[in-house]
Amino acid sequence: MPRGKRTVYGMFCPETGIRLGTIRLHRQDKLGKSFKEHAAKLKKYCPALKKRVAVKLKEERHSK
């Protein structure tokens, strides 16, 4: 039985605006870290720039 909902975030390249994927995170984990602290460490490969970039997260929807 799920006790909290996870939120689906889209990962976007900050320079080109291309969507690079999705990630599901709780708004706050059991240690009290917010999703923004997790996102600060995330890097994905951007095919337009041909390098790894730090991603920007945009909230999309809640999931069970």
Side-chain angles (χ1 to χ4, degrees):
M1 173 184 247
R3 297 190 182 267
K5 288 189 173 185
R6 290 185 295 178
T7 304
V8 177
Y9 294 93
M11 293 187 284
F12 294 89
C13 175
E15 296 177 36
T16 60
I18 295 175
R19 183 188 166 99
L20 300 175
T22 59
I23 188 169
R24 288 180 185 212
L25 293 172
H26 286 281
R27 289 186 182 260
Q28 186 175 357
D29 68 3
K30 61 185 173 185
L31 301 176
K33 285 182 165 181
S34 72
F35 72 92
K36 291 178 184 176
E37 293 178 51
H38 288 285
K41 299 178 194 173
L42 271 175
K43 288 192 171 190
K44 292 288 281 182
Y45 178 79
C46 179
L49 299 176
K50 296 184 179 173
K51 64 179 183 177
R52 287 171 57 100
V53 293
V55 296
K56 287 184 113 177
L57 296 182
K58 289 185 186 174
E59 183 177 330
E60 293 186 341
R61 64 179 185 268
H62 294 282
S63 63
K64 292 183 181 178

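Being a predicted model, the structure only gives us computed values, none of them experimental. These values consider heavy atoms only, across backbone and side chains, with no hydrogens, waters or symmetry-generated copies.
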Problem set entry | Hphob cluster co-occupancy, Ile18 + Leu57, side-chain heavy atoms under 4.5 angstrom | yes
Seminar exercise, completed: In short, Cys46 meets Leu20 closest at the heavy-atom pair CA-CD2, 4.0 Å
Exercise. With a 4.5 Å limit on heavy-atom distance, are the side chains of Lys44 and Val53 in contact?
Worked result: no
Seminar exercise, completed: Sorted by chain and residue number, the ring-ring contact (aromatic ring centres under 6.0 Å, His included) partners of Tyr9 (sequence neighbours excluded) come out as Phe35
Exercise. How about Ile23 and Val55: do any of their side-chain heavy atoms sit closer than 4.5 Å?
Worked result: no
Seminar exercise, completed: Nearest heavy-atom approach of Leu49 to Cys13 is CD1-SG, 3.9 Å
Problem set entry | Closest heavy-atom pair and its distance - Thr22, Met11 | O-CE, 3.6 Å
Problem set entry | Residues Thr7, Arg24; criterion side-chain contact (heavy atoms from CB on, under 4.5 Å); working and verdict | CA-CA 6 Å; Thr7 304; Arg24 288 180 185 212; over 6 Å; no
